[in-house]
Amino acid sequence: MAAPVFFVLLMPWGRVGSSLVTSALWSAPGVRIENEPTTAIRTRGAAEGATPAEIGARQRAHLDAFLGGQEEGCVAAGLKLSHRSLVAPRDYLAQLSGAGFRGVLMLRRNVLKCAVSQMRALTRTAAAGGEGPWQSPWAVRTVEPKPGPTVIDPDEAIRLAGVFRRSHDRMLRDVAALPGGGAGWSRVEYEDLCADPEGTTRAIFDRLGIPAPKDIALKHRKATSDRLEEDILNYDAFAGAVRAAGLGRYLQDARR
């Protein structure tokens, strides 16, 4: 039996369309994906009082176990990871590279819209209290209604936009530090995924060398509009604060 293709979907933070891509890959025969195991390891380790070095060792040990733990019939095995969850990202990425993982970077240039999307998801989570129709607060299922407008704290959105930008830049630097400058890593822009979800997802299958099913299951859709004024009740005050912070370009250009 041939060894499975190993791959990783790496995102700087979240809100980049990873749930849509993950569900599509998961629907293909013989494809297995673990959803953010390094985040769970880091959270659990911090709760236990483990040191960063201990948490980093646990993350790398999990990767070793993942490589050797695939069941018979597995065609491809992947990890969906947040770069921010990695305690020692360059060491971890070097281990991925050395093990022959095929990497996909999931990017979103409009960091303000990413922040707003994150805040709206958190609001839905808090409102649901773990019950009710919002069973997928981090990505809206196609069978769920799109959530309505909410009040968004502009200061928090501006802060989160900065967090996302720094996470994005660190991820690109760490991948560029790999042998070959990360030339073998594919890039998927969120805006391209939104404009043509099926075509972009098929291209990901092709880049990873995984046979795509005839019908790709796309089970999620956007929960935040391209026009932020449709989703923010206090848009005028929000936009004023964003412009004052020097981020007005993210209000005007939906594709940045």
Side-chain angles (χ1 to χ4, degrees), residues 1-40 59-60 62-83 85-86 89 92-108 136 138-142 171-172 174-176 178-222:
M1 174 182 168
V5 171
F6 287 105
F7 66 93
V8 58
L9 305 178
L10 187 64
M11 54 187 177
W13 181 22
R15 322 308 302 147
V16 293
S18 60
S19 293
L20 184 148
V21 173
T22 297
S23 66
L25 286 165
W26 184 261
S27 70
V31 178
R32 304 289 181 265
I33 304 177
E34 282 199 41
N35 184 41
E36 299 195 51
T38 53
T39 300
Q59 290 179 335
R60 293 190 296 276
H62 169 272
L63 180 54
D64 285 335
F66 179 82
L67 285 165
Q70 301 310 315
E71 300 175 358
E72 185 176 352
C74 179
V75 173
L79 299 169
K80 171 187 161 187
L81 302 178
S82 164
H83 180 268
S85 72
L86 303 176
Y92 190 94
L93 293 178
Q95 187 174 352
L96 283 175
S97 180
F101 272 73
R102 303 177 185 182
V104 175
L105 296 175
M106 304 202 66
L107 307 173
R108 186 172 185 175
S136 55
W138 300 104
V140 177
R141 299 178 192 269
T142 54
M171 182 181 76
L172 293 184
D174 287 344
V175 171
L178 291 169
W185 287 64
S186 301
R187 297 190 178 200
V188 175
E189 297 283 351
Y190 177 82
E191 292 79 8
D192 294 335
L193 186 61
C194 291
D196 183 9
E198 182 171 353
T200 304
T201 303
R202 285 193 181 278
I204 293 172
F205 275 94
D206 290 342
R207 294 172 194 171
L208 294 176
I210 301 172
K214 181 179 179 181
D215 297 314
I216 294 181
L218 299 176
K219 300 179 181 180
H220 299 89
R221 64 189 180 97
K222 294 175 62 172

Checklist entry - In chain order, what residues pass the side-chain contact (heavy atoms from CB on, under 4.5 Å) check against P197, with sequence neighbours excluded? => result L20, L218

Item to check | Separation between CG of L96 and CZ of R60, rounded to the nearest 0.5 Å | outcome: 11.5 Å

Next on the checklist: If you apply the rule side chain to side chain contact (heavy atoms under 4.5 Å, CB included), what do you find for L105 with L172, and how did you get there?
Outcome noted: CA-CA 9 Å; L105 296 175; L172 293 184; 3.9 Å; yes

Can you list, pair by pair, the side-chain donor-acceptor contacts under 3.5 Å of residues 62-70, counting residues two or more places apart and other chains?
residue	atom	partner	partner atom	Å
H62	NE2	E34	OE1	3.0
D64	OD1	Q95	NE2	2.9
Q70	NE2	F66	O	2.8

Checklist entry - How about V104 and V21: do any of their side-chain heavy atoms sit closer than 4.5 Å? => result no

Checklist entry - Nearest 0.5 Å, what's the CG-OG1 distance between D192 and T201? => result 11.0 Å

Checklist entry - For the atom pair NE2 (H83) and CH2 (W13), what is the distance rounded to the nearest 0.5 Å? => result 15.0 Å

Next on the checklist: Given 3.5 Å as the limit, does a donor-acceptor pair link the side chain of R202 with the main chain of P213, or not?
Outcome noted: yes

Checklist entry - Which one of D174, L79, L93 satisfies the side-chain contact (heavy atoms from CB on, under 4.5 Å) criterion with L10? => result L93

Checklist entry - What distance do E191 atom CD and L107 atom CG have between them, rounded to the nearest 0.5 Å? => result 9.5 Å

Checklist entry - Are any of the side-chain heavy atoms of L9 and S18 separated by less than 4.5 Å? => result no

Checklist entry - Can you list the steps and then say if K80 with T22 is a side-chain hydrogen bond (donor to acceptor under 3.5 Å, both in side chains)? => result CA-CA 8 Å; K80 171 187 161 187; T22 297; 4.6 Å; no

Next on the checklist: Less than 4.5 Å apart, side chain to side chain, heavy atoms only: is that true for R207 and R102?
Outcome noted: no

Checklist outcome for this item: Taken to the nearest 0.5 Å, the spacing of W185 CH2 from S97 OG works out to 8.0 Å

Item to check | Test side chain to side chain contact (heavy atoms under 4.5 Å, CB included) applied to V75 and V5, step by step | outcome: CA-CA 6 Å; V75 173; V5 171; 5.9 Å; no

Checklist entry - Which pair of non-hydrogen atoms, one from A28 and one from F205, has the smallest distance, and what is that distance? => result CB-CE2, 3.8 Å

Item to check | Where A76 and I210 come nearest, the two heavy atoms and their spacing | outcome: CB-CD1, 3.6 Å

Next on the checklist: Please evaluate residues Y190 and T200 with respect to the criterion side chain to side chain contact (heavy atoms under 4.5 Å, CB included), reporting the C-alpha separation (whole Å), side-chain torsions for both, the decisive distance (0.1 Å), and the verdict.
Outcome noted: CA-CA 10 Å; Y190 177 82; T200 304; over 6 Å; no

Checklist outcome for this item: In short, P4 meets A77 closest at the heavy-atom pair CB-N, 4.5 Å

Checklist entry - Taking the side chain as C-beta and beyond, is there a heavy-atom pair between L208 and I204 under 4.5 Å? => result yes

Item to check | Stepwise side chain to side chain contact (heavy atoms under 4.5 Å, CB included) check, F7 with V31 | outcome: CA-CA 10 Å; F7 66 93; V31 178; 4.2 Å; yes

Next on the checklist: Looking at every heavy atom in both D196 and G199, which two are closest together, and how far apart are they?
Outcome noted: OD1-N, 3.0 Å

Checklist outcome for this item: All heavy atoms of L81 vs all of P37, minimum pair found to be CD2-CD, 3.7 Å

Checklist entry - Quick one: salt bridge (charged side-chain N to carboxylate O under 4.0 Å, His left out) partners of E189, sequence neighbours excluded? => result R109

